[in-house]
Amino acid sequence: MVCLGNICRSPLAEGILKSKLPSNKFSIDSAGTADYHIGDPPDPRSVDIAKKNQIDISHQRGRQFEVSDFDRFDIIYVMDNSNYLNIIHLARNKKDALKVKLILNELYANENMDVPDPYYGGSYGFKNVFEMLDEACNRIADTLLSEA
Ligand code: 4NP
C-alpha cells in the first residue's frame, strides 16, 4: 500500500487489508513515495478512524518505498495517480511496472480514480477515505482468498 507520506492513507489501507486476510498467508505493508515522515507514527486522525473501526494502526512507522519492494511484493497498490507515476518511474522492467495498481480500480475498473489526500482537510476526509479503502479492501481480500 503506497501513498505520498505514509502517514494518512496507506497506513489505513495496510491496517484494513490486514484485518481481512490471515497473516500466515499474506504479507502486507505500506510505504510512502516521499521521505517526509520516515519513522513517524500515522497521523492521529488515521489512528482515530481506524480505532473507531476496531483496527489498531498506532504501532506502524513511516518508511519510504524502495526498489527492493518490487521483489518483496506481488502487488503494489497506490492511492492516487501521482503515486502511480512516482512508483512507475522506479520500475526496472515490465514485470515491476505490471505490479503497480491504483487501488480504486478494484472497485471502478479502468476509471483511474484517486483516493483523495485527507492531510490538509478535517476529520470527515478521513472517514471518507476509510470507507473507500474498506470497500476496496473487501474486494481485494475476496479476490486474493479465492485465488489462494
Ligand atoms: P498521505 O498524506 O500521502 O496519505 O500519507 C500526506 C501526508 C503528509 C504529507 C502529504 C500527504 N506531507 O506533505 O507531509
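Each ligand, and each atom within it, is numbered from 1 in the order the structure gives.
- At a heavy-atom cutoff of 4.0 Å, ligand 1 is surrounded by Cys3, Leu4, Gly5, Asn6, Ile7, Cys8, Arg9, Tyr36, His37, Asp117, Tyr119, Tyr120.
- By the ring pair (Phe, Tyr, Trp, His ring centres under 6.0 Å) test, Phe70 pairs with Phe65, sequence neighbours left out.
- Note that CD1 of Ile103 is 4.0 Å distant from CD1 of Ile140, once rounded to the nearest 0.5 Å.
- No hydrogens or angles considered: a donor-acceptor pair under 3.5 Å links the side chains of Asn83 and Asp80.
- Side-chain contact between Pro118 and Arg45 is absent, with no heavy-atom pair separated by less than 4.5 Å.
- In this structure, Ser19 OG and Asp56 CG are separated by 12.0 Å, a value rounded to the nearest 0.5 Å.
- Note that CG of Asp96 and CD1 of Ile76 are 7.0 Å apart. Values are rounded to the nearest 0.5 Å.
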